[in-house]
Amino acid sequence: MPRPARAHPARPVYTGSSVLRPPQTPSLRPLSAPLAVGLLAALVLAGAPVVAAAQTDTLAAKAQQAKEAMAGGRFDAAAALYADIVQALPDEPGMQMNLGMALSMAGRSKEAVPHLQAALKLKPDLLPASLFLGTAYVDLGRPAQAVAPLQRFVAAQPDHRDSRQMLADALLTLERFGEAAPHYLTLVEQGPQEPKAWYGLGRSFEGLSRDAFVALQRAAPGSVYVSLLVADGMVADQRDKSAFRLYREAVEKTPGLAEAHEALARIYDRSGHPDWAAKERAQAKAIPPPDCRTAGLECDFRAGRYPAVVDAARPLRTAEARYWLSRAAGEIARAAFARLEALPPSPEAVLVQVEVLRGQRRYLESKEALQRATAAWPEDRRLRHELATLHFIAHEQAAARPLLEDLLKHDPGSAELDLLLGESWLESKEAAKAVPYLEAAVRRDPKLLRAHAALGRAYLEAGEAARAVPSLEAALADDDDGSVHFQLARAYRETGQAERAGPMMQAFQDIRRRNEAQEASDKEEFAITPP
């Protein structure tokens with residue numbers, strides 16, 4: 001599965017709608033059934049001595065029956081028996097835990113949570129309860145709540161791969177990349193042939209790279225370092241002509257940038273001008289190297305000591321530190337993805353391949369790769385999510401909706417899926433059908449501004465302008481293309497607020513003119529000229 005080398009995997013150059021971004025997080029999965037049953041077989045014995053001490057023959061018999069039901073995979077029956085015991089012995093942590101585990105294994109995670117919480121309140125060091133509580137939260141799509149109990153279990157059982165994978169995946173889902181990365185490093189050491197571990201490692205360092213770029217862009221938007229990283233992203237996406245301009249501007253601003261001269265040389269090589277490339281390399285060699293007698297970020301980077309660069313640069317706040325952090329984390333991510341692709345075919349490798357294809361706007365090839373992958377791994381919801389997203393981008397809403405509906409059944413708390421499904425109906429001119437999903441998205445994640453924007457538009461198209469106003473006002477801060485300003489101007493007019501509609505329409509026109517100028521600049525073909 002060949003793909004171009006990625007100088008900057010985070011691709012900071014893209015600033016479009018978040019629906020166009022590749023999925024950055026894994027599909028969180030609960031503890032595997034065989035492993036859980038094995039744990040349960042040992043754990044249910046913990047309750048037996050307490051029952052015997054209570055001298056209750058009936059409860060002791062029920063405990064034995066529950067144990068046998070668990071061993072036989074009859075989890076609902078076991079849960080009913082443990083519920084009777086817990087009713088009689090509500091302060092017995094072992095029985096609260098066993099009931100919670102039985103419910104969890106029966107697929108009743110929501111019911112399991114309070115019993116597992118009760119067990120831990122009664123006995124905080126009850127490790128199996130922590131594991132199953134974290135698992136239940138993962139199963140419910142609540143990674144933020146899963147982290148603490150999983151951290152307790154992993155700290156006590158560092159060799160338990162499944163729990164560490166769940167913890168790492170939860171942290172990655174929450175975009176806590178710096179916390180996720182060490183867990184993935186441990187996972188790849190424990191299982192170097194495991195694709196999920198390499199995929200998570202690549203994603204976590206990719207996230208660190210992207211975060212460093214965003215911080216750099218906010219703190220020093222005119223910095224030459226920003227230009228270099230954006231140009232690196234353009235090269236990765238085969239946009240040499242656009243990257244050429246940025247590299248050329250960088251060396252004009254800062255002549256001592258050996259990195260930019262070397263990048264220009266590579267572009268010249270690819271464009272069939274080895275003589276021009278030689279001149280650029282000569283200029284790069286003429287620049288004095290950094291003094292590496294003392295440790296430095298650039299020196300460590302050039303020596304390939306990327307983890308050392310990440311560790312040293314993360315606490316710093318300078319533009320230079322963020323630049324080298326972004327590049328070093330990007331290199332670690334690229335190496336992780338390369339290891340992933342060297343393994344036997346896997347869903348994770350397909351997701352990386354599709355990310356590259358999408359970055360190059362090769363949407364048809366992306367869709368074909370995903371269709372083959374979903375046929376090969378039909379149980380992998382990440383692949384179906386990505387395929388649904390590609391159908392959405394291609395305005396193939398009739399193909400996207402069944403996939404989104406099925407995904408939502410498995411993850412009913414997902415604001416993102418509600419948003420995509422609502423937007424799908426909205427794009428199909430079915431505003432009334434869109435509203436419930438968009439309301440659910442806003443309810444589940446009030447900070448999801450795109451959901452507010454879509455909900456306001458749906459209300460407006462459904463003839464409810466008054467309800468549209470607060471949703472559209474909430475989304476103004478995230479209006480990159482002016483569409484929210486335009487819709488809000490409409491809503492103001494339809495609710496009799498003409499004095500507010502005028503300035504809003506003017507703001508829309510200003511944003512549109514600015515974007516048209518930027519689009520024309522981005523589409524301009526730049527000649528690759530001699531040095």
Side-chain angles (χ1 to χ4, degrees), residues 27-140 146 149-150 152-167 169 190-191 194 196 379 410:
S27 175
L28 295 180
R29 295 178 181 176
L31 205 64
S32 63
L35 177 60
V37 171
L39 283 170
L40 289 167
L43 295 173
V44 290
L45 293 175
V50 177
V51 175
Q55 297 179 347
T56 307
D57 293 340
T58 301
L59 295 180
K62 285 187 175 181
Q64 181 60 33
Q65 292 168 15
K67 174 185 174 182
E68 293 170 358
M70 292 295 287
R74 293 178 287 110
F75 304 118
D76 282 311
L81 291 164
Y82 281 128
D84 288 344
I85 299 173
V86 165
Q87 188 173 8
L89 301 171
D91 294 329
E92 168 48 44
M95 288 301 160
Q96 289 280 8
M97 177 184 72
N98 288 347
L99 174 55
M101 291 191 293
L103 290 166
S104 179
M105 292 304 300
R108 297 158 62 183
S109 297
K110 189 173 183 180
E111 297 172 65
V113 165
H115 296 289
L116 295 166
Q117 289 174 327
L120 287 167
K121 186 175 182 180
L122 291 163
K123 191 175 181 182
D125 61 349
L126 203 56
L127 283 178
S130 291
L131 173 60
F132 275 83
L133 181 59
T135 301
Y137 280 136
V138 166
D139 195 33
L140 293 169
L150 289 174
R152 285 195 297 270
F153 187 86
V154 170
Q157 300 287 337
D159 294 331
H160 194 275
R161 281 186 53 81
D162 275 30
S163 58
R164 188 182 293 276
Q165 183 78 51
M166 276 196 293
L167 174 57
D169 289 351
Q190 293 175 339
E194 175 52 58
K196 292 185 181 67
E379 77 288 350
H410 289 92

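Side chains are part of it too, since the values below use all heavy atoms of this structure and drop only hydrogens, waters and symmetry mates.
Under the 4.5 Å side-chain criterion, counting only non-hydrogen atoms from C-beta, Val113 is in contact with Leu140. Gln117 places none of its side-chain heavy atoms less than 4.5 Å from the side chain of Lys121. Under the 4.5 Å side-chain criterion, counting only non-hydrogen atoms from C-beta, Leu99 is in contact with Leu103. Annotation: side chain of Pro128 is in contact with side chain of Met97 (closest heavy-atom distance under 4.5 Å).
In this structure a side-chain-to-backbone donor-acceptor pair under 3.5 Å is present from Thr135 to Leu131. With hydrogens and angles disregarded, a donor-acceptor distance shorter than 3.5 Å links the side chain of Arg164 to the backbone of Pro158.
Contact detail for Pro93 and Leu126: the closest heavy-atom pair is O-CD2, 3.9 Å. Leu122 and Pro90 make their closest contact through CD1-O, 3.9 Å (heavy atoms, listed as atom of the first residue, atom of the second, distance). Between Val138 and Ala146, the closest heavy-atom pair is CG2-CB, 3.7 Å. Taking every heavy atom of both residues into account, Ala78 and Ala66 meet most closely at CB-O, 3.8 Å.
The side chain to side chain donor-acceptor pair (under 3.5 Å) test with Gln64 is passed by exactly one of Lys62, Lys67, Glu68: Glu68. With respect to Phe153, the side chain to side chain contact (heavy atoms under 4.5 Å, CB included) criterion is satisfied by exactly one of Leu167, Leu127, Leu133: Leu127.
Put simply, OG on Ser104 and OH on Tyr137 are 12.0 Å apart, with the number rounded to the nearest 0.5 Å. With rounding to the nearest 0.5 angstrom, the CG atom of Asn98 is 10.0 Å from the CG atom of Leu116. To the nearest 0.5 Å, the span separating CE on Met95 from CD1 on Ile85 amounts to 4.5 Å. Met166 CE to His160 NE2: the interatomic distance, rounded to the nearest 0.5 Å, is 7.5 Å. To the nearest 0.5 angstrom, Leu81 atom CG is 5.5 Å from Gln65 atom CD.
In this structure, Lys196 does not pair ionically with Asp169, as no charged nitrogen and carboxylate oxygen lie closer than 4.0 Å.
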Practice task
Report the C-alpha distance between Tyr82 and Met70 in whole Å, list the side-chain angles of each, state the deciding distance to 0.1 Å, and finish with yes or no for side chain to side chain contact (heavy atoms under 4.5 Å, CB included).
Solution key: CA-CA 11 Å; Tyr82 281 128; Met70 292 295 287; 4.1 Å; yes
Practice task
Dump the intermediate steps for side chain to side chain contact (heavy atoms under 4.5 Å, CB included) on Asp162 and Gln165, then the final yes or no.
Solution key: CA-CA 5 Å; Asp162 275 30; Gln165 183 78 51; 5.7 Å; no
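For the 3.5 Å distance criterion, the side chains of Glu92 and Gln96 fail to qualify, holding no donor opposite an acceptor.
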